[in-house]
Amino acid sequence: MSSDHLPAEAVPATDTPRYDFRAAEPRWQKAWNDAACFRVEDVPTDGRPKYYVLEMFPYPSGKIHMGHVRNYTLGDVVARFKRACGFSVMHPMGWDAFGLPAENAARERGIHPGKWTWDNIAAMRTELKRMGLSIDWAREFATCDPAYYGHQQALFLDMLRAGLVERRYAFVNWDPVDGTVLANEQVIEGRGWRSGALVEKKRLSTWVMRITDDAPDLLAALDEMPRWPERVRLMQANWIGRSEGARLRFAVADPAGIDSVEVYTTRPDTLFGMSFLAIAAEHPLAAQVAMTNPGAAAFIADVQSKGTSEAVLEALEKKGFPTGVDVINPFTGLRHPVWIANFVLMEYGTGALFGCPAHDQRDLDFARKYDLPVIPVVLPPGADPQTFGITDKPFDGEGVAYQSAFLDGLGQRDAKAAAIAEITRRGIGQGVVNWRLRDWGVSRQRYWGCPIPIIHCETCGVVPVPKSDLPLILPDDVTFYRPGNPLDHHPTWKHVACPSCGKAAMRETDTFDTFVDSSWYFARFCSPQAEAPVVRAAADHWLPVDQYIGGIEHAILHLLYARYFTRAMKATGHLSASEPFAGLFTQGMVTHESYKSQDGAWLYPEEVVRRADGTMVHKDTGRDVVVGRIEAMSKSKRNTIDPANIIARYGADTARWFILSDNPPERDIEWTEAGVLGAYRFTQRLYRLAENATFEAGDTPAEFGPAARALRRLTHRTIAAMTEAVELLAFNVAVARVYEFANGFAEADKAADQPGLAWARFEALDAMAVLIAPMMPHLAEEIGQMLRPGTTNLVAQAAWPVADPDLTAAEAFTIAIQVMGKLRTTIDVAPDAVEDDVLARAEAEPNVAKALEGKRIVKRIYVKNRIVNFVVAG
RNA sequence: GCGAGAGUGGCGGAACGGUAGACGCAGUCGACUCAAAAUCGACCGGCGCAAGUCUUGGGGGUUCGAGUCCCCCCUCUCGCACCA
């Protein structure tokens with residue numbers, strides 16, 4: 001045990017702990033392993049219903065953290081519960097093993113990324129196994145293993161052939177610190193999601209997955225996913241971003257080359273309020289103007305150098321440059337200037353828009369800055385058309401069109417329809433649906449990723465690596481002391497003969513975005529050793545995942561990509577399912593107090609000690625410590641607790657029990673030493689209760705004394721309540737029921753001997769063992785052994801108990817007696833009590849009679865077994 | 001700005017429209033102990049000696065009855081945000 005360096009006062013002081021988890025936990029882990037309790041077949045034939053539980057697989061950073069403990073405990077409770085309920089449960093584990101930290105380690109410490117990763121996997125596997133998770137370890141794989149990523153390459157080639165993937169020259173988000181391309185989804189407030197560096201625009205050749213083709217289906221299917229959190233579905237819907245509007249062409253007034261500009265608009269009804277047309281810096285018309293206008297060229301260069309990120313930083317200041325070109329408004333025939341503007345995105349719509357300052361904030365800001373006309377064409381309800389005007393706020397609400405010729409008097413909806421009809425009639429455009437979602441660029445200029453299996457030949461162009469040559473393996477001998485992609489610097493790897501013509505050719509040196517790796521691992525788990533990427537029969541049996549569990553931070557990126565990739569695998573004949581995850585649960589974070597020394601340095605919880613008065617002091621220096629906010633555990637704030645230490649000190653069951661007990665799992669949980677100690681004490685208490693109890697197995701006795709009956713009722717009510725709570729993932733409530741059960745059992749333990757009591761105790765403990773097994777599996781086995789010494793049956797394989805309805809029904813009800821909704825007293829009644837009798841008794845209660853005095857009863861409300869309410873007058 | 005969610009004792013939180021505060025943590029008192037820890041027992045929202053009375057962010061409403069349903073407001077958290 002490595003607890004020697006831990007503060008002595010934190011070590012649980014119990015005279016002689018009866019339950020020796022240090023011996024028990026490894027013993028039961030071995031027993032489960034020996035009995036292969038958690039193994040399932042790729043294609044099972046036993047006829048049991050399947051249930052696939054999956055937690056988001058970990059990145060092998062080196063150690064497990066509390067977020068992992070929470071994630072895998074939640075999943076394990078579900079897996080063990082479903083298994084006990086008779087399901088054939090697949091619960092696998094793997095490693096999301098490609099990614100930048102491995103390369104950083106290589107640069108900083110001279111370790112090869114592969115060695116670093118595999119060593120981390122080994123260390124974390126050991127830690128995870130100590131948690132006692134019911135995982136089918138035979139299914140384990142790492143995405144950095146050619147045996148995995150080779151199949152990924154094959155999938156990619158299939159998708160390429162099917163037209164789901166294409167090569168594109170495009171402006172990409174370039175992270176100058178990581179030296180790689182980022183997907184839109186990976187740019188947060190203009191910065192790289194990992195490096196935090198300002199993202200630049202760069203034109204590169206990249207591989208793109210055509211996720212936008214599936215945008216309509218990805219959006220529509222969200223409505224058919226009742227077991228996903230509403231919040232996540234909304235986030236995805238917003239991200240996909242469907243909008244309805246129109247495309248229309250504006251004729252250029254004095255054409256010199258380009259003779260029209262097409263815009264996208266969601267407000268065709270405001271066309272009469274147009275005062276300018278704005279185009280993106282990358283727009284072809286801008287390029288044409290720049291050829292003869294140095295000012296325009298300079299402006300374009302300025303916008304492009306700063307990119308979108310700089311704009312965000314500059315408090316979104318709108319800037320434009322007049323091109324001198326005019327366009328003609330098809331509805332009014334008026335001429336309007338074309339501006340190049342820094343806020344127009346080439347990637348959205350058509351890269352051009354018409355400005356209607358009266359009804360759009362951004363257009364209004366722009367118009368005010370450059371002194372362009374502001375013409376209101378929608379009248380707010382109740383406003384006077386003679387006096388209505390726009391000052392600093394546009395009117396973007398629902399109103400009636402005016403000063404708009406044939407649209408006058410129409411509401412927004414009708415005006416839009418009429419405008420689109422007119423645009424269509426004139427053949428200058430049509431109504432369209434537009435999407436915010438961008439295609440998914442998957443090329444990354446990185447070494448530690450899955451190589452993209454493509455060869456570039458001067459004669460043949462883009463040539464796929466023949467499938468017989470897969471897996472295309474990463475070379476091991478790379479160096480990291482130069483910036484950029486080590487694969488590109490490798491002396492020989494990229495030089496290869498063209499598979500088609502045999503001439504010298506070059507390998508693609510980009511690797512896949514690691515989100516590709518995690519977009520199909522759930523499918524690979526179904527047949528992890530297969531020769532093909534997936535065995536159709538296995539995947540069709542197990543998919544979709546019935547319960548997927550992970551952090552909310554993956555609400556968009558990972559989950560959207562995985563949904564798309566599943567569709568792409570279906571389109572290429574690898575799967576039948578369209579949706580990978582039927583049920584999704586997003587867990588809350590694990591938080592902890594943070595501590596700072598007086599000179600402002602963050603301190604680890606191990607470095608501080610709580611004084612009797614609750615203030616904190618630095619252990620070594622004795623100086624006061626500033627207690628900071630309670631926030632998500634992070635290395636930078638040093639407010640982390642190492643799960644390995646907790647498991648060593650208190651055992652896996654304690655860690656599992658605590659992380660389940662305090663909070664609903666979707667909320668953040670604060671890790672506290674006191675809470676853990678409480679959980680630890682409860683493991684000991686349960687053990688003692690079972691150990692000290694007098695119980696007796698055997699046939700159901702014919703007779704039960706009052707205490708025995710009470711205990712039996714508690715047992716069966718607990719079974720019913722636990723079943724419901726676990727089913728709903730309300731684990732904190734399930735924990736509360738176990739506490740109640742234990743308290744009630746302790747009560748019954750003290751009762752005088754009576755018929756059936758010893759048997760009722762056996763029944764209670766027998767149920768207890770199975771009920772707690774999902775949460776505290778090792779302790780459950782210990783109790784199982786006490787009940788049946790020497791048995792080789794494992795609680796892990798026991799069936800979930802079934803509540804006897806005769807025993808869950810209450811023997812009597814305490815019902816509330818109210819007068820005008822105010823509680824006056826309670827009375828106990830039999831379940832089959834007659835209404836009139838209950839009412840009469842209630843009315844006769846002294847407190848009730850007092851409240852009724854001098855009043856006339858107008859109405860008597862009676863809800864069986866619940867409540868009586870007298871409505872009175874006077 | 002737009003969208004979503006949440007406000008209940010000292011704390012985490014329970015509560016099919018039906019006795020608000022289950023259960024845990026912390027705390028108080030007692031037993032055991034030379035003492036402490038552990039353990040066991042009692043208490044544990046406010047005011048009140050008590051009978052009572054007030055109490056689920058604030059205000060209104062629906063209802064015999066509202067933490068729960070409806071409307072308005074306040075606060076906090078999260079997500080998105082030059083999207084035309």
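Below, chains carry the letters A, B, ... as their sequence lines are ordered, and counting in each starts from 1. Quick caveat: nothing in here was measured; it's all calculated off a predicted structure.
Annotation: of the two residues near RNA chain B, A:W435 and A:A746, the 5′-most nearest-nucleotide partner is A:A746. Residue whose closest nucleotide on RNA chain B sits further toward the 5' end, between A:K859 and A:K850: A:K850.
Of the C1' atoms belonging to B:C70 and B:C76, the separation is 23 Å, rounded to the nearest Å. Distance check on atom P: B:G30 versus B:U75 gives 47 Å, rounded to whole Å. Only the C1' atoms considered, B:U68 is 10 Å distant from B:U56, to the nearest whole Å. As rounded to the nearest Å, B:C25 and B:C40 have P atoms that lie 11 Å from one another. Spacing of P atoms, B:A66 relative to B:G57, comes out at 15 Å, to the nearest Å. Only the P atoms considered, B:C78 is 16 Å distant from B:G13, to the nearest whole Å. B:C11 and B:G27 have their C1' atoms separated by 11 Å, with the value rounded to a whole Å. Distance check on atom P: B:A22 versus B:A15 gives 12 Å, rounded to whole Å.
The minimum heavy-atom distance linking A:L364 with A:P357 is given by the pair CB-O, 3.3 Å.
Using a 4.0 Å cut-off between a side-chain N of Lys or Arg and a carboxylate O of Asp or Glu, A:R688 and A:E691 do not qualify as a salt bridge. The existence of a salt bridge linking A:E843 and A:R860 is confirmed by a sub-4.0 Å separation between a basic side-chain nitrogen and an acidic carboxylate oxygen. Using a cut-off of 4.0 Å between Lys/Arg side-chain N and Asp/Glu carboxylate O, A:E230 and A:R233 are scored as salt-bridged. A salt bridge links A:E673 and A:R649; the closest N-O separation between the charged side-chain nitrogens and carboxylate oxygens is under 4.0 Å.
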### Message
Please encode protein proximity along nucleotides 19-26 of chain B as a string of B, S and -, counting only heavy-atom distances under 4.0 Å.
### Response
B--BSSSS
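Side-chain polar atoms of A:S661 and A:Y739 form no donor-acceptor pair below 3.5 angstrom. In summary, the side chains of A:N869 and A:R824 do not present any donor paired with an acceptor at a separation below 3.5 Å, with no hydrogens or angles considered. Using modelled atom types and a 3.5 Å distance limit, the side chains of A:T814 and A:D828 yield a donor-acceptor pair.
Within 4.0 Å of A:L234, counting heavy atoms only, lie sugar-phosphate atoms of the nucleic acid but no base atom. The residue A:N692 sits apart from the nucleic acid: no heavy atom pair falls under 4.0 Å. Here A:V263 lies out of heavy-atom contact (under 4.0 Å) with every strand. At a threshold of 4.0 angstrom between heavy atoms, the contacts of A:K750 are confined to the sugar-phosphate backbone, with no base atom among them.
Taking only side-chain atoms of A:M235, from C-beta outward, the nucleotide of B:G18, B:G79, B:C83 with the closest atom is B:G79. Side-chain proximity of A:R824 to the nucleotides B:A84, B:U53, B:C82 is greatest for B:U53. Distances from the side chain of A:R667 to the nucleotides B:A4, B:A14, B:A84 place B:A14 closest.
Two rings, from A:F272 and A:F331, have their centers less than 6.0 Å apart.
Contact annotation: A:Y264 does not reach the phosphate of B:A84 (side-chain N/O to OP1 or OP2, under 4.0 Å). At least one side-chain nitrogen or oxygen of A:R362 sits closer than 4.0 Å to the OP1 or OP2 atom of B:C83. Note on A:K369: every side-chain N or O is 4.0 Å or more away from OP1 and OP2 of B:C82.
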### Summary
Symbol by symbol from the 5' end, with Watson-Crick or G-U pairs under 3.5 Å, [ ] crossing and | another strand, RNA chain B is (((((((..(((.....[....))).(((((.......))))).(((....)))..(((((..]....))))))))))))....
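The distance between atom CG of A:D668 and atom C1' of B:C76, rounded to the nearest whole Å, is 13 Å. Computed from coordinates, the A:E244 CD to B:A84 C1' distance equals 15 Å when rounded to whole Å. Nucleotide B:A50 holds its P atom 16 Å from the CG atom of A:N847, rounded to whole Å. Rounded to whole Å, the distance from CZ on A:R436 to P on B:C82 is 8 Å. Whole-Å rounding puts the A:R231 CZ to B:G5 C1' distance at 7 Å. The NZ atom of A:K864 sits 21 Å away from the P atom of B:G17 (whole-angstrom rounding). A:I420 places its CD1 atom 14 Å from the P atom of B:A84, with the value rounded to the nearest Å. Put simply, CE on A:M820 is 13 Å from P on B:U63, counting in whole angstrom units.
In this structure, A:K864 contributes its side chain and A:P831 its backbone to a donor-acceptor pair below 3.5 Å. Using a distance-only test at 3.5 Å, with no hydrogens or angles considered, a donor-acceptor pair links the side chain of A:N329 to the main chain of A:L271. Proximity of a side-chain donor or acceptor of A:Q684 to a complementary backbone N or O of A:R18 within less than 3.5 Å is detected.
Annotated as syn: B:G9, whose O4'-C1'-N torsion sits within 90° of 0.
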